[in-house]
Number of protein chains: 2
Amino acid sequence: MAQKLTLKKIAQDLKVSISTVSKALRDSYEISEETRKKIQEYAKQYNYKPNSIALSLKNQKTKKIGIIIPEIVHHFFATVISGVEHVANEKGYQVIICLSGESFDKEVVNMEMLANGSIDGFILSLSKETMSKQDFHHLREVINQGMPIVMFDRVADDIPGDKIIIDDVTAASEATDFLMRKAKKNVGILSTVDYVNVGRLRTQGYSEALMKRGVEVNQDLILKIEDIDHCDELIEKFIDNNPSLDGIVAVNELFAVTASKILTRKGKRIPDDVAIVAFTDGMLSKYSNPSLTTIGQNGYEMGGIAAAKLIDRLEQDQKDEERYETVIVKTSLIERESTP
Amino acid sequence: MAQKLTLKKIAQDLKVSISTVSKALRDSYEISEETRKKIQEYAKQYNYKPNSIALSLKNQKTKKIGIIIPEIVHHFFATVISGVEHVANEKGYQVIICLSGESFDKEVVNMEMLANGSIDGFILSLSKETMSKQDFHHLREVINQGMPIVMFDRVADDIPGDKIIIDDVTAASEATDFLMRKAKKNVGILSTVDYVNVGRLRTQGYSEALMKRGVEVNQDLILKIEDIDHCDELIEKFIDNNPSLDGIVAVNELFAVTASKILTRKGKRIPDDVAIVAFTDGMLSKYSNPSLTTIGQNGYEMGGIAAAKLIDRLEQDQKDEERYETVIVKTSLIERESTP
DNA sequence: TGATTTTACGAAAACGTTTTCGGCTCGTTA
DNA sequence: TAACGAGCCGAAAACGTTTTCGTAAAATCA
């Protein structure tokens, strides 16, 4: 149980001053060859590592970034974190994770916990509750203290900070058009309630695609689901109410795979009778039966970009460059068995 | 861009000393009612929050725990983190995450990065490479410095620290027996190579279950897969080579769902012709078609237990209680469509 | 030899806390 | 009135760094 080695202890053991040790370890010209060697060897032998807390305090930089997301048990968020972690580590940063569990209060508490010096900057995706409340005072507070924020996926438009998003409208439009090109005449959409940005935007893209081809938007073909845990009944009713339905755009994997299952049970063939395109290229799409054609959101890439942007901002010292950027990450349509 | 408020600034503004401010904010009896009120109100108005880095340095405690796992894009690990985070936050701790990506070197580097004062203790699940090398010097080093370690799932038996595992042998045995009770006569297992603990133990449990019922273990019915990315071909060959196969135990979801797909394609009916039980109760099992009967590893619970154990150890000051515990978390068999 | 520069090191401040201890100003008591 | 005890507050140390500045001794130069 060797006590953790510090400069002070090395100094005592070698009968020199703390400053000498510090300088020797940083190869300062002020220290003689002889003393330097001695100190460096001693440090190496006993595996000295500078205490990062002390460094943080001195430098007023923690080399840590905080990330707050609604859930981690969610493939998309997990990939984003993976991307963040990779880039951050590469640049010598560590990642602290907090989960809001889709709760506004937890999001606020977590931000306060992290903003008291624990980290240098934030990456976050807002909770559903925050989106519906449109209350962003906690973000403003943090920003006022000079801490940069990068938001991804679920962003607050009028908050000063970089944003990494996908073009939901275009992506949904392309997905819808893709189905129509496959000769599907009655394409519906399984979406979420409108206060969730992605739900609203994807529904919009869906509508735009229809209109571009001169197809009238039929509200019966739009299902907005609030409670994801009980989507089964809603989707089943939706399917029963729309017997002519032959194409589905789903804003997430779960809706898609649920629909797929219900359809199969009802004797419909996929993709011949009904084709399906899902957002989020996760495990479910890849391995479900039939596998699903999806719109990949490239979460890993998003995470990487978010981390790179944040760290850039942290390491450029002139703050005058106050232009915030919104990066739109390309989506990719991955064709699988659920479309012809 | 208000500068972050410190004790010093409050002291200057209110023309008192730093110590007075500190004491006033901690409700010390040494400070007069009047001064205390004044300081507390000022602090509240300008939203003073003590700097956590300074506190860490002073107290020699960071109130942070580090967690190193192979991958985060993996349902089981994600649930564990979720459990860790929940319990940790409840007790005022934050969670720093590092990913080893199944690489020994990255695991070592990450541990060194965290062990220099960033955290108070570790929770980890070892990388595959570490397991195959059986090189645990990095763990020993950290422990020697007095930092407690809690391992889960992939643990190193002879390292002093708490361990949270499931009883793989029993779980696999129960799964196998479950299939046999369903009148399956030729049950095989899709496993991993032996240096992965869980693979070895689950294979052992499988064999024990057979032997208990007087069935001879047939090596042809045991498939050990090394490269998870190309499991398709191996599994297909395995199925072709064993035409009488009517039950499968898979050590993870992916193997199970892959087998399920191949079997379906070959015209076999699940569960009538072949029944399947998978380890890991994740998205795939729940939503694949047919849904899979699984052995839930209760990752959320494991994470919670790991966090609680670690924090307990951190907060008990007398180190004499050096008895390390191995907690065996109960698995749960969740019946779905892939078994009769 | 005396003056000046170079070499090599140490003292101290700073980052933001908490806490111990010392001390000043009252009012109370002998 | 002198001594003493509250009551109230500030100075300083400590946590582990880095860095600026000061300075003694040694080396160089005139």
Side-chain angles (χ1 to χ4, degrees), chain A residues 2-40 42-43 46-64 92 115-120 145-147, chain B residues 2-40 42-43 46-64 92 113 115-120 145-146:
Chain A
Q3 277 303 314
K4 190 75 183 151
L5 200 54
T6 67
L7 290 185
K8 196 197 238 181
K9 275 183 217 121
I10 300 183
Q12 284 171 351
D13 293 356
L14 263 45
K15 311 221 187 300
V16 291
S17 78
I18 295 179
S19 10
T20 303
V21 179
S22 174
K23 289 174 194 166
L25 292 177
R26 323 192 92 241
D27 276 324
S28 161
Y29 69 97
E30 289 183 35
I31 305 300
S32 71
E33 181 79 14
E34 190 191 5
T35 324
R36 217 180 340 175
K37 275 268 169 60
K38 184 177 65 178
I39 292 175
Q40 289 183 350
Y42 190 92
Y46 294 104
N47 194 29
Y48 168 77
K49 291 273 160 47
N51 180 300
S52 76
I53 298 287
L55 284 177
S56 295
L57 187 58
K58 178 110 189 67
N59 302 332
Q60 300 289 77
K61 295 196 173 169
T62 62
K63 299 284 251 173
K64 299 196 197 332
N116 61 13
S118 295
I119 60 167
D120 296 338
Q145 286 174 10
M147 189 169 287
Chain B
Q3 278 302 315
K4 190 75 183 149
L5 200 56
T6 68
L7 290 186
K8 197 197 236 180
K9 278 185 215 118
I10 300 183
Q12 284 170 353
D13 294 355
L14 264 45
K15 312 220 185 301
V16 291
S17 77
I18 296 180
S19 9
T20 303
V21 179
S22 174
K23 287 175 195 164
L25 292 177
R26 322 191 92 243
D27 277 324
S28 162
Y29 69 96
E30 289 183 37
I31 306 300
S32 70
E33 181 79 12
E34 191 191 4
T35 325
R36 218 182 336 175
K37 274 268 168 62
K38 185 177 64 177
I39 294 176
Q40 289 183 350
Y42 190 93
Y46 295 103
N47 193 28
Y48 168 78
K49 291 272 159 49
N51 180 298
S52 79
I53 298 288
L55 283 177
S56 295
L57 187 60
K58 178 108 188 68
N59 301 332
Q60 299 289 78
K61 295 198 171 165
T62 62
K63 297 285 250 177
K64 297 195 197 335
M113 280 186 65
N116 60 14
S118 295
I119 59 167
D120 296 338
Q145 287 173 10

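Convention: sequence-line order gives letters A, B, ...; per-chain numbering from 1.
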To the nearest 0.5 Å, how far apart are [atom1] in [X] and [atom2] in [Y]?
| X | Y | atom1 | atom2 | result |
| --- | --- | --- | --- | --- |
| A:L57 | B:L55 | CG | CG | 10.0 Å |
| B:D27 | B:Q40 | CG | CD | 5.0 Å |
| B:Q12 | B:I18 | CD | CD1 | 8.0 Å |

* Distance-minimising heavy-atom pair for B:A43 and B:L25 -> CB-CD2, 3.7 Å
* Of all the heavy-atom pairs spanning B:N51 and A:G117, show the shortest one and how long it is. => ND2-CA, 4.4 Å
* **side chain to side chain contact (heavy atoms under 4.5 Å, CB included) partners of A:T20, counting only residues at least two apart** => A:V16, A:S17, A:I31, A:T35, A:I39
* Structure fact -> Residue set satisfying side chain to side chain contact (heavy atoms under 4.5 Å, CB included) with B:S118, at least two apart, ordered chain then number -> A:S52, A:K64, A:Q94, B:L114, B:N116
Would you jot down, in residue-number order, the residues of [range] having a non-hydrogen atom under 4.0 Å from DNA chain C?
| range | value |
| --- | --- |
| residues 46-63 of chain A | A:L57, A:K58, A:Q60 |
| residues 16-23 of chain A | A:V16, A:S17, A:S19, A:T20, A:K23 |
| residues 27-39 of chain B | B:E30 |

* Structure fact -> Residues passing the salt bridge (charged side-chain N to carboxylate O under 4.0 Å, His left out) test with A:E34, sequence neighbours excluded, are none
* Taking only residues two or more places apart in sequence, or in another chain, which ones meet B:K37 in a salt bridge (charged side-chain N to carboxylate O under 4.0 Å, His left out)? -> B:E33
* To do: Could you state the atom-to-atom distance from CG of B:L14 to P of D:dG10 in whole Å?
  => 11 Å
* Asked: What is the distance from NZ of B:K15 to P of D:dC9, rounded to the nearest Å?
  -> 16 Å
* Asked: With sequence neighbours excluded, what pairs up with B:Y48 under the ring pair (Phe, Tyr, Trp, His ring centres under 6.0 Å) test?
  -> none
* Is there side-chain contact between B:I53 and A:T62, with at least one heavy-atom pair below 4.5 Å? -> yes
* Asked: Side chains of B:L5 and A:Q145: closer than 4.5 Å at any heavy-atom pair?
  -> no
* Asked: How far does the helix from C:dT1-D:dA30 to C:dA30-D:dT1 bend, going by the axes of its first and last five pairs, to the nearest 10°?
  -> 80°
* So which one's nearest nucleotide on DNA chain D is more toward 5', A:K9 or A:R26? -> A:K9
* Structure fact -> chain A reaches DNA chain C, atoms under 4.0 Å from its heavy atoms, from C:dA8 to C:dG16
* Asked: Is the backbone N or O of B:K61 less than 3.5 Å from a side-chain atom of B:N59, with the two atoms forming a donor-acceptor pair by type?
  -> no
* Contact list for residues 5-25 of chain B, test salt bridge (Lys or Arg N to Asp or Glu O under 4.0 Å), sequence neighbours left out -> B:K23-B:E30
* To do: Tell me, please, which residues at least two apart from A:K49 pass side chain to side chain donor-acceptor pair (under 3.5 Å).
  => A:N47
